[in-house]
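Basis for what follows: all heavy atoms, side chains included, without hydrogens, waters or symmetry-related copies. Since this is a predicted model, take the numbers as computed values, not measurements. Residue numbers start from 1 in every chain, and the chains themselves are labelled A, B, ... in the order their sequence lines are given, proteins ahead of strands.
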Amino acid sequence: MAHFVPHTDAEVAEMLGALGLSCLDELFDAVPAALRLAGGLDMEPGLAEADVAGRFDAYAAANRPVGHDLVCFAGAGAYDHDIPAVVNRLAFRSEFVTAYTPYQPEVAQGVLQALFEYQTLVCRLFGTDVANASLYDGASACVEAVNLAVAATGRHEVWVSRGVHPQWRQVVATMAVGTGHRIVDVALDDGLTAWPVEGQPGAILVQNPNYLGCLEDLAGAAALARRLGALLLVAADPVSAGLLRSPGSVGADVVVGEGQPFGAPLSFGGPYLGLFACRREHVRRLPGRLVGETVDTEGRRAYVTTLRTREQDIRREKASSNVCTNQTLMAVAFLVHLGWLGTPGLRELALRCARGTRYCREALLGIEGVEPAAAAPVLREFAVRTAVAADVVVDRMAEEGFLAGVALGDEYGGGLLVAVTEKRTRAEIDAYAAALEKVVR
Amino acid sequence: MAHFVPHTDAEVAEMLGALGLSCLDELFDAVPAALRLAGGLDMEPGLAEADVAGRFDAYAAANRPVGHDLVCFAGAGAYDHDIPAVVNRLAFRSEFVTAYTPYQPEVAQGVLQALFEYQTLVCRLFGTDVANASLYDGASACVEAVNLAVAATGRHEVWVSRGVHPQWRQVVATMAVGTGHRIVDVALDDGLTAWPVEGQPGAILVQNPNYLGCLEDLAGAAALARRLGALLLVAADPVSAGLLRSPGSVGADVVVGEGQPFGAPLSFGGPYLGLFACRREHVRRLPGRLVGETVDTEGRRAYVTTLRTREQDIRREKASSNVCTNQTLMAVAFLVHLGWLGTPGLRELALRCARGTRYCREALLGIEGVEPAAAAPVLREFAVRTAVAADVVVDRMAEEGFLAGVALGDEYGGGLLVAVTEKRTRAEIDAYAAALEKVVR
Amino acid sequence: MSTADASPAPGGRATSSPLMGHDAEPTLFELSAPGRISANFRATGVPEWTAEELVPAASLRSEPTPVAEVSERDLVAHLTRLSSRQFSVDLGAYPLGSCTMKYNPKLCDDAVARAGLADVHPASPPSLTQGWMALLADLETALCRITGMAGATLQPPAGAAGELTGLLLMRAWHDDAGQGGRRRRVLIPDSAHGTNPASVTLGGYEVTQVPSDGRGCVDLDALAARLDDDVAGIMLTNPNTLGLFEEDIVPIAAAVHEVGGLLYYDGANLNAILGVTRPGDMGFDIVHMNLHKTFAVPHGGGGPGAGPVAVTERLTPYLPGPRPVRAKTGADSGDGAYEWMEPERSIGRVHSWHGNALALALAWSYILANGGDGLRRVSDAAVLNANWLRNRLRDTYDIPFDRPCMHEFVASAANLKRAQGLRAVDVAKRLLEEGFHSPTVYFPLVVEEALMIEPTETESPQTLEALADALVRIAADSGDDAHHAPRTSPVGRVDEARAARQLIPTWDARPS
Amino acid sequence: MSTADASPAPGGRATSSPLMGHDAEPTLFELSAPGRISANFRATGVPEWTAEELVPAASLRSEPTPVAEVSERDLVAHLTRLSSRQFSVDLGAYPLGSCTMKYNPKLCDDAVARAGLADVHPASPPSLTQGWMALLADLETALCRITGMAGATLQPPAGAAGELTGLLLMRAWHDDAGQGGRRRRVLIPDSAHGTNPASVTLGGYEVTQVPSDGRGCVDLDALAARLDDDVAGIMLTNPNTLGLFEEDIVPIAAAVHEVGGLLYYDGANLNAILGVTRPGDMGFDIVHMNLHKTFAVPHGGGGPGAGPVAVTERLTPYLPGPRPVRAKTGADSGDGAYEWMEPERSIGRVHSWHGNALALALAWSYILANGGDGLRRVSDAAVLNANWLRNRLRDTYDIPFDRPCMHEFVASAANLKRAQGLRAVDVAKRLLEEGFHSPTVYFPLVVEEALMIEPTETESPQTLEALADALVRIAADSGDDAHHAPRTSPVGRVDEARAARQLIPTWDARPS
Ligand SMILES: Cc1ncc(COP(=O)(O)O)c(C=O)c1O
Ligand SMILES: Cc1ncc(COP(=O)(O)O)c(C=O)c1O
């Protein structure tokens, strides 16, 4: 078996001796005899490194990853983007990987500066003043946005567009049971949120592009929010920032998102990255960590986590959030990936996604038996309806070598959600359309 | 295409301006017009990172690597050992990977200390006083050993056992054309070197275990060398150092070897690692770099390349060797792998190879139509003769999912050379024997 | 080009000055130069429609979003130099109490670095993800055996998320029992970690603090006084944050259950009791684990982690879904393919997908490598190291609750502060100079000038020796001198007050 | 345990003191403690015969070979700390003349990190290695196009090995021409790199030095005077080691060919002329390339590299074998499978297998990423950077041959040495303090106090600016002050003389 405990028997004996103990069991005298686990854990003995690798080969072999044999057209908040080599080579250097939260800033400037730069980039993408050092994922970012809004407005009702990722809405609903917030589900009309005109919501939450890939009217939502005295919470796609007006610039108070497209492989859903940003006026309600610039005793530029009094370890039951461990390493990967793309690259990436999406959508709508799920303009993802049920389509297409997309739930009247990234070639899209034509017959 | 040149057009113009030039071509005015390449290189334009990856996917897909689908029983100087995760995670940290030869020791202590520790380990394995900081591979180490011996003895004749890896002997022969050394080929008798009793060789070169896997009589070779006034040069397998007496302890003057088993994947033959070690009396003829311990101005322990006057950059045509760039990074990988194995692990590794070899040899010799190629005792590799030609056996076995071994050349009367490492399970060996039984019928 | 001034020149000044100790590392934005490019894209043959053709004018931005414009070479140098300004477990001992900064085996990183795991889309149908589902189910089983529980959810991405999940399970249970309205309070010891009370609030409960007794454990009488049928439950860490085992856990559990409350186990300190005893045996109903502490998931500079929650049989129907289960084919169960199951009375999802999957897989590789026997050795050595170090330091530092501890102990610099003005923070900064990370300071709150020390099992006796020597050396320092520490780190002591007073949360927010 | 003394405690003292600037990093042997283990082995089920049963007593060693006994955690900390004591391209600019320390693209590391390449056994039959053979053949073709040659061998593992291979090709050619006996000399300019003369000796030839003229190039008259029919050939680097293009290369080539000699091109400086001109066009017969310079194979702290040798048509029959070639199926060639071909008059193997295969593959990925157009951009920028820097420094440092250079130039500290006792070595050490690696010093030998500066194309103008500023700053220092440099590196100036005087080549050789 693998050995991670360095102690030799002689050293153990010597150390026990220093403590006046005769055996290791005596270390646990404080544990009542009745609670002692007789016979130890009911688990197999430890494996050698090579045997662990063998087990994982088997797990991996039982999956079908996307790639040449399963060309990916699935998105729904988890996108198949190219990740440049620099991301893994840099973000996963062991200094970043094996460090803890930067509690001692003097020896944590690496992580702190990286987070400071990450926060800057998130604000630039979203058009906001401040961003935190990350949350768990898109869903938790939505939850925190809702909590911030309720705290800021004192109103417990929050309107949530059905255009928001259904799983994120489910998490919002789960957490609302604890906070007691009233979550109002707002339906879509031909792909776009159909807001009620009157009410007393503390906030309205909309996603753009929304779950069906459609471009929402953020300016309209902002006007509505202002009129109702609510905050506008926007869940945005960081890739779309390459082409779309930033949510902040059109009136969003809080902007959240899923950072996976930059730096994180599909990874069966995690670890991903919760993006959270807002206007400066809400900074004292900001959940999680915030890195700020300051100086050291010699006046040299330095970074440190700041406004700590918001946080659970100091504020305890009155904290703005309970988050402690976040997704820092994914934030560093985000920084490297986005830094590599740079200003022109981000735009080019978004443009290529949009082009592939347009090309693919037209190819699919050219197939008889394939209908658009919504007429509203889309950017990087779109939904279609087919005679054959979407989940059946996905299964059949897998045999053809494609991950066809994500089957939409009943709340959307079914259908298939299709995403096209910069990785998809014209040849792949043509082959995909040809296969789909067979499958939907 | 990928971009590795940072200059923007504006910067290029500004820099040209500072030089009083109007275009880049003027930078090459010193190149006679007649020599200018019209129309540039006849090569395809640059590819994007993702497209380069695609090309390499295709190359890789056209190979059959060893693994679950091609269980490896081939050795012949390139062994399929488990490489622990620490090797790649540590030896390939970018500080080691992207550094040059440690010409400025103050900022190269990392590489220097690693090499100092590597040299220490090589000497411990081989029972020698000094080892250099690496040579290219087993073959080049043999060449340098021969050159050292001739220089030390002033005799130009060198006896080389046919038990030495044939490709290493070929390289020795190639280089001897330049140096004018007389290489005498000494045949094997039932797997062991049959030395002439009289002669005036400057050195005798023997490999242990030899190419057929047999254990040579080093003590006898040492006695012979002493009697003839020749140096004993031994090519040794570092893994066998776990069980065998060290060549140095039985009288070798120079010990060389192929370091691949520690830290280097099969890699289609390179980069590997030339091990070179000798008695202290020969240190001024040592080829390549040597790291020594010293102190800095404050008396702190420090390391530096030393006895530099042996080397080409100072000694020029009188240098002990022409080697400059060596295989330092592989030496660091060797250090990490061997350091991880440690004292008990090295012995255990050798033991496991020997056990698998014994088990496999017995299984094969139990097959009718399979005969031993030699009776002499073996350690981690052995040769058999089969009715069916060895190269045909290898081809057929590949279809069965095994890399059966390496076909022996005519100088060995044909046969199949089989290696069994610690990676081979009893089940794999049994399956291999079963498949071979079918194949040799 | 204008001659560069002392401050870092803009646009890719790739010097390693920061590494060599002077200058700060310029930000990505200072390294930026207009027109510089690293990005490149594959050839796809897709028609090249313009942005205007693709995006409605109302939504299309006029200017590209400013990111940065650096060469790949400068990006690499920047991040590499940043890493050289960062301490880590791989560089040295990291005795940060409550954080379990043990060595993260490299074999675990490699185990999960497989396309067959990393390139699986989370929305793929089960037919394409049997390997992942099997892995998660195997991990769930192991975690249940380790904690003595019946079922678990792997969705919570961290400990705090696990806490909140647990509290929502508590609430669902009481609601089902028709007690939703009545149960308003959750008890928490005064030594509890901050996430506990914060989670209680988010769970919709009020915090009632339970004071520690003279021995650093829950005061039984105080507990009894606070127990009533409006109590939803209690959250405990055992061993607690003082590193002490709550010896009265059985009567505590009985008393809480007596009034109909549930017991929540904060598993942050599980590293102390692997294979020794199980929360389930102690009477806990709900347990969260920090896989990034106990099971060696690297902390990543603050995350990601994983905070699975395991529960007793009666609570399994409330677990978040979907959960991977093996289809029952015919009579005997668990031999078919894996499918997703939604618990009947599930509280619902707590993560976008299936939790921090790769982190979960990494923890599973660690558990497999150790095995049942190895996990017990982990706790043996963790507790042995902590006690040896406590014993070695007791003549030098105050040890408020000086009796055998579990995997960590809390010392105090109170005596040194009185004697020579040396505070916990000074000890921490001095220790950085000695080449060690500092302990956790000023937590738990019940101890003044607290130094919470957790050596973990992966540090050798010789490393402990060196750490003890350093701490003893430091204790002889005067506060005046130590105030200047650290002097050997990339930057000196950082002005935290100023950061809060003059908030600069982004590069663009800097006063120019 | 005995209390640790000032010197590093034995047995796994995992502190990062070295990183924090004090203490030396202990050796693996000091970190060792008896009985400590990291190694572990898979379960195989193979019978567990004892060593005695497996090895004849005469060969069996009595004691295990002492290696080290460290925990995996301490091994990781040790190597990680060692890496933090090492400068590298990824940390900063590395203007080491003649070494072409350009940025090594990460995409190249990833391209070759494939099981389909790394796990292929070199003795596998061609049916199993078509991918590798295609890759090597494609690289050979590209290298021939870049150099203007007809065929190449990829076997030489480094430049020096390539040189010797080239000299043996020269010898084989002359021998075949029945001139083996007569041709005894090889001409080499006095500015040549040390490996050139060393290789000549190993090739069995005598070195005849050709002095440089006042312009730093081969002196034509001196050359003519040395040319005779006993000359086997000449070895040239063009641009030469002074960074100057040998403008008279055509007449030189004619003169050498006139007497029946061959021209050897040392490709170390190929980075200057990619897509601009080719050795073949200049009249060279044999060319070696340093893929670890021109084509971004990382230097690895000293290696591995790759030194392919390309030759003109007439010399291809002599190339080392085996070479991967595409089988001719039917009339038209090159459409069948790859097979190994042995050139008719081959000089024989020069490597155990097929050369440093992974390094060759890495270089190929670099060439593919750049393409023909990109490679030209590489030389444009390399030469632009060198000239810009030369121009910026000419008022501060002597520039012996001050005219437009190619990819590098040689400055001299002679003026500073005279003026203020500041030698080339002092400039080098001071530059380390400034966060840059130093140039190559004291080479080429024809320039006193030489500072050979090669910025490479991957450093941005801003980095050059910073480098120039630093060099100008340094030139103002007094020698007395600079003698103490470097002061910010892990160790101060190293005592090289003592290392040679009191040789300590291994840990075991230390005086105790
Ligand atoms: C005792 C205790 N409980 C809970 C937590 C919170 O866990 P996490 O940081 O994973 O959210 C921590 C982590 O610091 C802890 O130490
Ligand atoms: C001009 C020149 N020639 C030859 C060589 C030798 O090449 P290698 O170090 O790859 O053997 C070098 C390398 O430093 C060089 O600079």
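Counting heavy atoms from C-beta on, the side chains of His165(B) and Ser352(D) never come closer than 4.5 Å. Asp313(B) has its side chain out of reach of Phe443(D): every pair of non-hydrogen atoms, C-beta onward, lies at least 4.5 Å apart. A heavy-atom distance below 4.5 Å is not found between the side chains of Ser365(D) and Arg55(B). Two residues are said to be in side-chain contact when any heavy atoms from C-beta on lie closer than 4.5 Å; Thr129(D) and Asn63(B) meet this criterion. When side chains are defined from C-beta on, Leu19(B) counts as touching Leu384(D), because their heavy atoms get closer than 4.5 Å. Side chains of Trp168(B) and Arg349(D) form no contact here, defined as non-hydrogen atoms less than 4.5 Å apart. Side chains of Thr27(D) and Gln113(B) form a contact here, defined as non-hydrogen atoms less than 4.5 Å apart. Side-chain contact between Arg85(D) and Glu95(B): absent, with no pair of heavy atoms (C-beta onward) separated by less than 4.5 Å.
Using a 4.5 Å cut-off between heavy atoms, Ala359(D) contacts chain B through its backbone alone, with no side-chain atom that close. Contact of Leu379(B) with chain D is made through the side chain alone, with heavy-atom distances under 4.5 Å. Proximity to chain D (any heavy atom under 4.5 Å) is restricted, for Val291(B), to the backbone atoms N, CA, C and O. For chain B, no part of Leu167(D) is nearby; none of its heavy atoms comes within less than 4.5 Å. The part of Met101(D) that comes within reach of chain B is its side chain, from C-beta onward, which places non-hydrogen atoms under 4.5 angstrom from that chain. In this structure, chain B has heavy atoms under 4.5 Å from both the backbone and the side chain of Arg493(D). Only the side chain of Leu96(D) comes within less than 4.5 Å of a heavy atom of chain B; its backbone N, CA, C and O stay farther away. Of the atoms belonging to Glu311(B), not a single heavy atom falls under 4.5 Å from chain D. In this structure, no portion of Leu244(D) lies under 4.5 Å from any heavy atom of chain B. Contact annotation for Glu298(B): neither backbone nor side-chain heavy atoms come within less than 4.5 Å of a heavy atom of chain D. Only the side chain of Pro486(D) comes within less than 4.5 Å of a heavy atom of chain B; its backbone N, CA, C and O stay farther away. Looking at Tyr100(B), the atoms closer than 4.5 Å to chain D (heavy atoms on both sides) sit in the backbone and in the side chain alike. Only the side chain of His292(D) comes within contact range of chain B, with at least one heavy atom under 4.5 Å from a heavy atom of that chain. Interface remark: Asn104(D) contributes side-chain atoms only to the contact with chain B (heavy atom separation under 4.5 Å). For Leu349(B), the parts lying under 4.5 angstrom from a heavy atom of chain D are both the backbone and the side chain. For a residue to count as touching a neighbouring chain, one of its non-hydrogen atoms must lie under 4.5 Å from one of that chain's; by this rule Ala398(B) touches chain D with the side chain only. For chain B, the nearby parts of Ala161(D) are the backbone and the side chain; heavy atoms of each come within less than 4.5 Å. Interface residue Arg377(D): backbone and side-chain heavy atoms are both found under 4.5 Å from chain B. Only the backbone of Ser321(B) comes within contact range of chain D, with at least one heavy atom under 4.5 Å from a heavy atom of that chain. For Glu163(D), no part sits under 4.5 Å from any heavy atom of chain B, backbone or side chain. Interface remark: Leu168(D) contributes side-chain atoms only to the contact with chain B (heavy atom separation under 4.5 Å). Contacts of Pro404(D) with chain B are absent, with no heavy-atom separation under 4.5 Å from either backbone or side chain.
Considering only heavy-atom pairs separated by less than 4.5 Å from chain D, the leading option among Val406(B), Val323(B), Leu403(B), Val394(B) is Leu403(B). Ranked by heavy-atom pairs under 4.5 Å with chain D, the list Leu243(B), Asp57(B), Val5(B) is led by Leu243(B). Contact count against chain D (heavy-atom pairs under 4.5 Å) is highest for Gln167(B) among Gln167(B), Arg64(B), Arg89(B). Among the candidates Thr325(B), Leu125(B), Val177(B), Val332(B), the residue making the largest number of heavy-atom pairs closer than 4.5 Å to chain D is Thr325(B). In terms of heavy-atom pairs under 4.5 angstrom with chain D, the leader among Ala99(B), Ala60(B), Ala34(B) is Ala99(B). Contacts with chain D were tallied for Val12(B), Asp29(B), Asp82(B); Asp82(B) has the most, counting heavy-atom pairs under 4.5 Å.
Of the N and O atoms on the side chains of Asp495(D) and Thr294(B), not one donor lies less than 3.5 Å from an acceptor on the other residue. Side-chain N/O atoms of His121(D) and Asp80(B) include no donor and acceptor closer than 3.5 Å.
Interatomic distance, Leu375(D) CG to Met43(B) CE, rounded to the nearest 0.5 Å: 5.5 Å. The distance from atom CD of Gln86(D) to atom CZ of Arg93(B), rounded to the nearest 0.5 Å, is 11.5 Å. Here the OG1 atom belonging to Thr343(B) is positioned 10.0 Å from the CD1 atom belonging to Ile37(D), to the nearest 0.5 angstrom.
A distance-only check finds a donor-acceptor pair linking the side chain of Arg352(B) to the backbone of Arg42(D) [under 3.5 Å].
Across every non-hydrogen atom of Val283(B) and Leu503(D), the tightest pair is CG2-CD2, 3.9 Å. The minimum heavy-atom distance between Thr65(D) and Arg124(B), with the atom names listed, is CG2-O, 3.4 Å. Heavy-atom minimum distance, Pro265(B) versus Asp119(D): CB-OD1, 4.4 Å.
Centroid-to-centroid, the aromatic rings of His354(D) and Phe268(B) come within less than 6.0 Å.
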field: Derivation of the side chain to side chain donor-acceptor pair (under 3.5 Å) call for Trp507(D) and Glu117(B)
entry: CA-CA 7 Å; Trp507(D) 175 254; Glu117(B) 296 178 1; over 6 Å; no
field: side-chain contact (heavy atoms from CB on, under 4.5 Å) between Phe4(B) and Glu457(D), worked out
entry: CA-CA 8 Å; Phe4(B) 308 126; Glu457(D) 72 281 3; over 6 Å; no
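Both tests do not hold together for Arg114(D) against Tyr59(B): distance to the six-membered ring centre under 6.0 Å, angle to the ring axis within 45°.
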